[in-house]
Number of protein chains: 2
Amino acid sequence: MRSTWSKARAMMQMAAGLAVVATASHVAHADEGMWLLTSPPRDYLRSTYGFEPTAEWLEHVQKSAVRFSTGGSGSLVSADGLVMTNHHVGSDMLAKLSTKERDLLETGFLANSRDDEMQCPDLELNILWTIEDVTDQVNAGIGADVAPAKANDMRQKTIAEISKAAMDKTGMHAEVVTLYQGGKYHLYCYKRYTDVRLVMAPEQSIAFFGGDTDNFEYPRFNLDCTFFRIYENGKPLKTEHHLAWSEGSNQGDLALVVGHPGRTNRLNTVDHLRFMRDVELPMRLDQLWRLEVKFQNFNARSAENERIGKDDLFGVANSRKALTGQLAGLLDPSNMEKKAKAEKALREFVARDPKRRVEWGDAWDQIAKAQEARRSWAVRHRLLNAGLSSHLYANARNIVRAAVELQKPNAERLREYRDSQLQSLYTGLYSPAPIYDSLEIFTTEASLSYLAEKLGSDDPIVRIALDGKSPRARAEDLVLQSTLKDPAARKKLLEAGKDAVFASKDPMIQLAIAMDPEARSIRKKYEDEVEAVERANYAKIAAAKFAMEGENTYPDATFTLRLSFGPIAGYMEDGKFVPPYTNIGGLYERAKDREGMYGFDVPKSWIDAKSKLDLSTPFNFVCSADIIGGNSGSPVINVKGEVIGLIFDGNIQSLPGAFIYDVVSNRAVSVDSRAIMASLRDVYGAKDLVKEITGK
Amino acid sequence: MRSTWSKARAMMQMAAGLAVVATASHVAHADEGMWLLTSPPRDYLRSTYGFEPTAEWLEHVQKSAVRFSTGGSGSLVSADGLVMTNHHVGSDMLAKLSTKERDLLETGFLANSRDDEMQCPDLELNILWTIEDVTDQVNAGIGADVAPAKANDMRQKTIAEISKAAMDKTGMHAEVVTLYQGGKYHLYCYKRYTDVRLVMAPEQSIAFFGGDTDNFEYPRFNLDCTFFRIYENGKPLKTEHHLAWSEGSNQGDLALVVGHPGRTNRLNTVDHLRFMRDVELPMRLDQLWRLEVKFQNFNARSAENERIGKDDLFGVANSRKALTGQLAGLLDPSNMEKKAKAEKALREFVARDPKRRVEWGDAWDQIAKAQEARRSWAVRHRLLNAGLSSHLYANARNIVRAAVELQKPNAERLREYRDSQLQSLYTGLYSPAPIYDSLEIFTTEASLSYLAEKLGSDDPIVRIALDGKSPRARAEDLVLQSTLKDPAARKKLLEAGKDAVFASKDPMIQLAIAMDPEARSIRKKYEDEVEAVERANYAKIAAAKFAMEGENTYPDATFTLRLSFGPIAGYMEDGKFVPPYTNIGGLYERAKDREGMYGFDVPKSWIDAKSKLDLSTPFNFVCSADIIGGNSGSPVINVKGEVIGLIFDGNIQSLPGAFIYDVVSNRAVSVDSRAIMASLRDVYGAKDLVKEITGK
């Protein structure tokens, strides 16, 4: 559980839920793959689509791509720093910029002029600028005789040093990314922007038309887009690289997607997948189902609750639907059989050669043993690692941990308190975004009760959390007596230093202090007994795969920049063909067909504009590009690098894509570029924006 | 999980969830208590309210009270067999009598004449006719040296024989009820009626106005009533006993409730309550949260799904809200402290005397040990005992088990296949109520996936259930290839006997056969290791309590007839006084206040009738009578035995009443008799019904 739950955030959550790192993949088939921009499948693209991306093309799209700190993707679409993303990637900001009197999720927003653009409280945008292979540095001095936990510690320290050095040298934000589950390490430096302003957002009712019912389904009729603008030194950023706007696309056109897929587990071992199927996903779904019902109850209590709770509810429901689809994929034996067959072939390849056998042979069993041992403490780890699902608690824990960690040398700190992470930490911790008592009491009570439900009220950590009170009474005390709602108070307390923090009488601070020892110790247990084992042994499996299949493959997704692609094409579902495009006329038909059902109301602006709109304008389309959560907001471009669409979803068949890609029916869902322009012009009267984007 | 989930059914579910039997209670305070009609608290009623119920008064209300097989209560309100109950007790029948073209939940129903009254497919009404204490017979021959499991078996056999003999002798339906957790056994004989017809039901939107949001809340504005009529030999039943209609009530009046509270656990030991708090309730809530979200998704897919799924969704949400309230009560340490204090006093009373110590001293520890041991297999027991949540599976299991059990002597059968239970079994099994493929596939898939999520896909029973397929594919096979949708096919198969059943190629039958061995064995384990231990040791605790406090007390609820009472009185909530009555005008105000929110639409009939209605007419009221699930539909009467209201809910503060009664804020919620008459007359134009009930 996290303090906020935008769709994109929830997807990051997925990415962070297990080990941070993925694994080398098998040889790609058809349009499979989330490719590194440093090594796209050149032969396949040329032979299949006659497309050869040049170095300039790749650099241009890389530097036009934007990563959102809320967990999604976006792109620069003008020379004045205009950024396009999904409404559901921006909705966290829309909620934070709303007040009781002005609900931007409900009404949408259009800045009349640049002066009207609204500054976001805690959004960071990152643009990947340089890429460097640092594999040898990271592994330096770690022989085969070093135990996994020790090796993991050593690598973590080196990674911290590399990031810090890069940050000091370039002034950019630096991250070392673990690719191919330890097969490679890349140093990524990003240009980071924190003055980001809201330019335009449609009403949520059209952005998320069809609601949870149509989420992850197709056909769709959604204007899931929002525009922000990057500012630097108080002025719009002048951007050398930005994407041009196309005249549109046609069925069969090659669509290319440049974005930040969050997490896949395609090369997990079969035993690891069994753990996910039998433990990990059911455990996470248990929590989501519960929270979804509880948020519905909270939101239904009043219009104000609805306003402050709906973005969280959306995030929970969205994660629940995504994980349900993933679980269904793992519960389908045909998928597991494919996995088992591939694994068998690789293990036989390893077993046939004595050297390979010695070097890599035990990797699968080591991973299986670690997962098996973890079953008995997986729930406890998840609960303690998450802490309470409350903004105040999250702030309190960050203050408590930062106070301790910042006294240590950089390389010895918990990862999220290293120098390279501090800017993000402070952006979140000192955010002026509102914190609502009612929502905090609700989420705190729900979390406290959840702890008690899962661990039993007599468990020592539950006793600490409840302090002899009912979850409701304890939540009221914690929230109403905490001073941490004020960002200035948070800043003052952390800057006062460790002794002041530990002497604080703030009940949330005291609770975070009291829960931290066990939270830290179970985290360490996870890192030593699971993560370290996975890192060491997936690296062996990756090496074995490279040996068997060659290196022309893509790593699992890691919420870093990738290129996916595939033609615009329909698919078969329940024996019927689903065509690739919908059009604007279909929106009105669908609304009529589902009249009175929740989530299917067309906003007034679209009813009023109906006569002005060309109903045959393409609205949404699907293509077979291989994407996943985190890709939300990615631009879809043609071979000329022009925008033809905006990724906002995958179809239901794409959800098992976390584990396995199926070209037959896995589809990425986009808003068509023509629908974006038509609505800006004819529904919202945003002439300046149209001109800025298209030049017309 | 059960195949159907009406609110009342869900409450029976609660009643059946643990051991079947409750325990002797502590000395009652204030208006606490669900009293046996054979021993009402005469002194308290006389001294506090100046009311002395005569034998005639008690017999009259007993024989006017009706128990619904769907799990609720009702009462005879005319000489022609007219029965009043809640809409939510009758809604299961309304759903079963609906078709795609005629949705009785949506439109309501009023028979224009007796010929138009609609026969219900599988409803049984029972009226308690005679009561006999059979404690000595049941315990005959069971000495203190007989082990609990053996003693439990012996008692079960005797109970089967007593019931059978009573049935043969009287022709009535006979049940032996375990009271005071084994302190007493009563033989109840019921007049049973199976020709029951629907007379009148309002729209669900007014019966359940405010939906889940207002459920278990107060103030309320609900016309939660429905009328049925009992027929015998094709004619309306002539009823000697039926309740007269009052002119109404006033604040402070004594309200008496005659109904069938389902289950309380007020005298559970503290360790037993800990098990409920830490294991039982969280486990059941996990299931309900999940099912609620899944039903919402199913229902949102189409108008037809909504029609066939909404009564189930209501049942799930209602149970979820009730159990959430119960859990909150157990998570409140002040409640547990009261329990611990009372238990300590009783244990000290026992410990002080050597004879008492020897006889009863180990009871608490024995129960604690049984609950502790059960923790590791509680989930498995629950899953296997429930089977799949599908009508077809429930039918298949009944056929398979009946085929086996009916070959055994009556006293050796599983309880639900004894001669005294066969009529009910056949009513359900051969019901012509529709079974929908889409709903069956949905519930079957959800159940199969739930098994896999909880036990892991490699568990032997899960392998049996899934048969190498995904939950979706397996559910489609099971449902679409089963012949059991046809009641005639079910009858034919069971009547063909055991060999034919076991040779059947029907996939649902085959699945029920394959899952039965483990389901039976874990049930036996539960009966021997938990139920038998509870029975033996709660009987000791009951005896100790009788010795310390005397016998003037009430047993925990057992879904049998009880008398509760208390004045019509408001209460304080969050520092504000909640007055006891609402009025019809308040309905329109609340609807306006909550305009656009789900569940708050006033039906057209009430909008049209607004000008005819006296808006000051009392609509709902609260009194402090001690009720719980199963009491739904109970008549509220004055000391003259006249109807002043109709129980339909408890407030949120009443939910911990499953364990502990709190007179300060525990309130029963009723429809006022005057609102029922006003709506029959002015909204529905049901003049004949008004005349039949009131004589006017």
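Here is the naming used below: chain letters follow the sequence lines, and residue numbers restart at 1 for every chain.
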Given a strict heavy-atom distance threshold of 4.5 Å, which part of [X] is in contact with chain B: side chain, backbone, both, or neither?
X: A/Leu327; answer: side chain
X: A/Ser334; answer: neither
X: A/Asn299; answer: backbone

Quick check for you: among [options], which has the greatest number of heavy-atom pairs under 4.5 Å with chain A?
options: B/Gly211, B/Ala300, B/Ala317; result: B/Ala300
options: B/Asp332, B/Leu330, B/Leu331; result: B/Leu331
options: B/Arg594, B/Arg474, B/Lys469; result: B/Arg594

Most heavy-atom pairs under 4.5 Å with chain B, out of A/Arg274, A/Met336, A/Met283, belong to A/Arg274

Contact list (residues 455-463 of chain B to chain A, heavy-atom gap under 4.5 Å, by number) returns B/Gly456, B/Ser457, B/Asp458

Pair B/Arg284, B/Glu280 - check salt bridge (Lys or Arg N to Asp or Glu O under 4.0 Å), show working.
CA-CA 6 Å; B/Arg284 290 164 66 190; B/Glu280 176 80 17; 3.6 Å; yes

Set of residues satisfying salt bridge (Lys or Arg N to Asp or Glu O under 4.0 Å) with respect to [X], sequence neighbours excluded:
X: B/Asp286; answer: A/Lys454, B/Lys454
X: B/Glu217; answer: B/Lys321
X: B/Arg472; answer: B/Glu445, B/Glu476

Intermediate values then yes/no, ring-ring contact (aromatic ring centres under 6.0 Å, His included), A/Tyr598 and B/Tyr598: CA-CA 9 Å; A/Tyr598 188 79; B/Tyr598 189 78; 7.5 Å; no

Sidechain N-carboxylate O distance under 4.0 Å for A/Lys576, A/Glu573: no

* To do: Give a yes or no answer on whether the side chain of A/Thr444 reaches the backbone of A/Ile441 with a donor-acceptor pair at less than 3.5 Å.
  => no

Note to self: Pairing donors with acceptors under 3.5 angstrom, does anything connect the side chains of B/Gln371 and B/Arg374?
What the structure shows: yes

Determine the interplanar angle of the A/Phe442 and A/Phe295 rings, folded into 0 to 90°, and report it as parallel if under 30°, tilted if 30 to 60°, perpendicular if over 60°.
-> perpendicular

